[in-house]
Number of protein chains: 2
Amino acid sequence: MRSIADVARLAGVAKATASRALSGRGYVSEETRSKVVAAAKEIGYVASPNAASLVTGRTKSIGVIIPFISRWFFSEVLESLEQALLEEGYDMTLYNLPAASKERDSVFEYFLARKRFDGVISVGVALSDAEVDLLHRLGRPLVGIGGPIRGVHTIAIDDVASARLATEHLLSLGHKDILHIGGSEADEMDFKVHSNRRTGFASAMNEAGLSTEGSFYACEFTLPGGYGVGLAVLGDPRTRPTAVFAASDEIAIGVIVAARELGIQVPADLSVIGIDGHPYAQMFRLTTLEQHPRRQARLAVVSLLAELESPTDTDEANHLTVLPVNLVVRSSTSGPRQPLGA
Amino acid sequence: MRSIADVARLAGVAKATASRALSGRGYVSEETRSKVVAAAKEIGYVASPNAASLVTGRTKSIGVIIPFISRWFFSEVLESLEQALLEEGYDMTLYNLPAASKERDSVFEYFLARKRFDGVISVGVALSDAEVDLLHRLGRPLVGIGGPIRGVHTIAIDDVASARLATEHLLSLGHKDILHIGGSEADEMDFKVHSNRRTGFASAMNEAGLSTEGSFYACEFTLPGGYGVGLAVLGDPRTRPTAVFAASDEIAIGVIVAARELGIQVPADLSVIGIDGHPYAQMFRLTTLEQHPRRQARLAVVSLLAELESPTDTDEANHLTVLPVNLVVRSSTSGPRQPLGA
DNA sequence: ATCCCGAATGGAACCGGTTCCATACTGCCC
DNA sequence: GGGCAGTATGGAACCGGTTCCATTCGGGAT
């Protein structure tokens, strides 16, 4: 309704001056500025971001691509991203994209190409080269969370090392028969997270001289997922492992619930360790490796906005920020019942 | 980069014609249309939504206000909203607002007032009259999910009736000593959900001639919340209720986990019923009232877009769509151990 | 043959800001 | 006293679309 021309008229100055006064760019006398500000306030003027974007090319809005909303890691990231962006004066436009789908193509071709945002944060989505190129051509910086993307600054934990660490914790307690429950490569999340954690597990086991033959089960990264595998695998005491390394806390908790139902004592009969630092971990006394999604999110925002301020070379930006995880030992892990064989 | 003027030049027509050809409005010969479309494709033209919004006043974007992201109901709603909006060609801009905060004011004054969206969906947020008025003045339709807002079409379940139904289920099984665990009015979610469910509980109890004196506990709407109350309340067999009506499935599951740890048999020693239809309900065999957040979300989108198409009178739009809940009986509820007193 | 109407198209104004350029005034230095 | 740098302001172009208005053309009715 009210345009800057109205403000200018009321304040008795030119549009250009009103614009300068309100945006703080260029020379304006203190006296004029206050006149303009008063006029703007009087008629309840709010600038149209569309008009401004049209000429400046900046939208003050960031696009976020994310494959899940309800899973813990992602909802934490999302919440932090929103907060951090809001603080910096940016809107957040959300694209919830299951890994590969027709929607995905339409988002890239139709939505993202419209340049309604100044930059993109991609959470746990492995973008294809073509998709990265598209964004590059549009001159929109891109930051990733949760896994490396070619030519893009990414913030993540070291999945291989983390899985190693978790496995070594169990090994150091004396476990030899360890089961790893994680995501399948065919999962909707087409990232390397799953295979990396599996790799870390395998390398720790092999280093300890143990085979990983038949010691992996795949399931959804959810509580019912872990519960299902738990019921299926833990039932027979003869084939039961002494410890489980779950690739996420939700899986780990599902396993604990299953164990309790089967009358299996945790940790006496079964040790369980997860990865995440899920808020439920404490009440299930779960030993876990805490990663810090909120920290990852805030870092991503900082990095993206810095890139917007002063664009760097593509090559320079092409690096990985690895965040530490920390082991929180609770009472879901202990040594096996018969440390030196029956 | 490429503007519609480039397309027009390449196709050998005027800007106006190119615009008509691409947008499908007004008269254009089939021949010209295909020439223009081909030209656009050739140079990879993508329209600038900013420029279009500037003149049409439409942004093809919807703002969503939501107090939580990670809690089940909200993440479900969010996921569905995003899908439904995307299908209709709308972007979704997310504002994650804890009920009352300085951020909240800034969102309204700064972000929402900028009119970067055609309409707003408010999920579980009780907007103040002033906030509703602001949106009205901006001419932006508003639809609510999860609780009534003055003068706004809202989609919700009937919380009073649902709580009644849940309580009556327990009563019909013969329970007399029923505890209600729900949210406190002081919770971040300043909606009437909590008090409504409490009212429904109380009225069912009173109708059955039972007192509700001391039969309410408040906690967070989370699994650890219910777990904490469960541990605190269920320990003493003499004061233990025979049934719990939890205001959400997460609370209910927390209670079940606590009960299991305390060695209390569910349902033999304790019946538990929740509200939600949470995906974890099945694995905990929880009897619950399913509400359908995804259905609520899609209805909200339909309603909002209809309102955008053809604005109705404020008074006409001022109504409530009540969605049904359905009782799913699993094995967390049964009759009390001593149906007719010890 | 004349008139009228609808289809097709081009020119130009417009949406609401930002920014370039020109102009004017001030004060300071040589 | 003339020139110059720095501050303050206005006019106008511009961003990239949409839409109003005018013009032209072809065909059917009179």
Peer 1: Rounded to whole angstroms, how far apart are CG on B/L54 and P on C/dG17?
Peer 2: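 Atom-to-atom, B/L54 to C/dG17, this comes out as 9 Å.
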Peer 1: For the pair made of CZ in B/R2 and C1' in D/dC15, what is the distance, rounded to whole Å?
Peer 2: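 Rounded to whole Å, this separation is 17 Å.
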Peer 1: Taking only the side-chain nitrogens and oxygens of B/Y45, find out if one of them lies under 4.0 Å from OP1 or OP2 of D/dG16.
Peer 2: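 Checking D/dG16 against B/Y45, no side-chain N or O comes under 4.0 Å of OP1 or OP2.
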Peer 1: Output the rounded distance in Å from CZ (A/R9) to P (C/dG16).
Peer 2: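 From A/R9 CZ to C/dG16 P: 12 Å.
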Peer 1: On the 0 to 90° scale, with breaks at 30° and 60°, tag the A/H319-A/H153 ring pair as parallel, tilted or perpendicular.
Peer 2: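 Judged by the thresholds at 30° and 60°, the geometry between A/H319 and A/H153 is parallel.
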Peer 1: Expressed as a whole number of angstroms, how long is the span from B/L22:CG to C/dT9:C1'?
Peer 2: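 For the pair B/L22 CG and C/dT9 C1', the rounded distance is 15 Å.
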Peer 1: Is there a side chain to side chain contact (heavy atoms under 4.5 Å, CB included) between B/E307 and B/V143 once you walk through the steps?
Peer 2: CA-CA 9 Å; B/E307 181 72 19; B/V143 169; 5.7 Å; no
Peer 1: Using a strict threshold of under 4.0 Å (side-chain N to carboxylate O), is an ion pair present between A/E87 and A/R298?
Peer 2: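 Salt bridge between A/R298 and A/E87, a charged N being under 4.0 Å from a carboxylate O: yes.
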Peer 1: Spell out, as yes or no, whether a donor-acceptor pair under 3.5 Å connects the side chain of B/S303 to the backbone of B/L299.
Peer 2: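 Side chain of B/S303 to backbone of B/L299, a donor-acceptor pair under 3.5 Å: no, none is there.
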Peer 1: Restricting to non-hydrogen atoms, name the atom on A/A39 and the atom on A/V7 that form the minimum distance, rounded to 0.1 Å.
Peer 2: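 It is CB-O, 3.9 Å.
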Peer 1: Decide side chain to side chain contact (heavy atoms under 4.5 Å, CB included) for B/H292 and B/E76; before the verdict, give the C-alpha distance in whole Å, the side-chain angles of both, and the deciding distance to 0.1 Å.
Peer 2: CA-CA 9 Å; B/H292 303 277; B/E76 288 286 301; over 6 Å; no
Peer 1: Of the nucleotides D/dT19, D/dG17, D/dC15, which one has an atom closest to the side chain of B/A16?
Peer 2: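 Within the option list, the nearest is D/dT19.
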Peer 1: Protein within reach of the bases, or only the backbone? For nucleotides 4-9 of chain D, mark each nucleotide 5' to 3' as B, S or -, using heavy atoms under 4.0 Å.
Peer 2: ---SBB
Peer 1: Return the value, rounded to whole Å, for the distance between atom NZ of A/K60 and atom P of C/dG17.
Peer 2: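 About 17 Å, once rounded to whole Å.
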Peer 1: Roughly, in whole Å, what's the span from CD in B/E31 to P in C/dA7?
Peer 2: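 My rounded result for the distance is 18 Å.
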Peer 1: Classify B/S19 by what it touches in the nucleic acid, base, sugar-phosphate, or nothing, heavy-atom distance under 4.0 Å.
Peer 2: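 Base contact - B/S19 has a heavy atom under 4.0 Å of at least one base atom.
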Peer 1: Expressed as a whole number of angstroms, how long is the span from B/K35:NZ to C/dA8:C1'?
Peer 2: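 Spelled out: NZ on B/K35 to C1' on C/dA8 is 12 Å.
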Peer 1: So B/Q296 and B/Q291, side chain to side chain donor-acceptor pair (under 3.5 Å) or not? Walk me through it.
Peer 2: CA-CA 9 Å; B/Q296 296 181 42; B/Q291 60 172 325; 3.2 Å; yes
Peer 1: Taking NZ from B/K15 and P from C/dA13, how many angstroms apart are they, rounded to a whole number?
Peer 2: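 Rounded to the whole Å, the gap is 12 Å.
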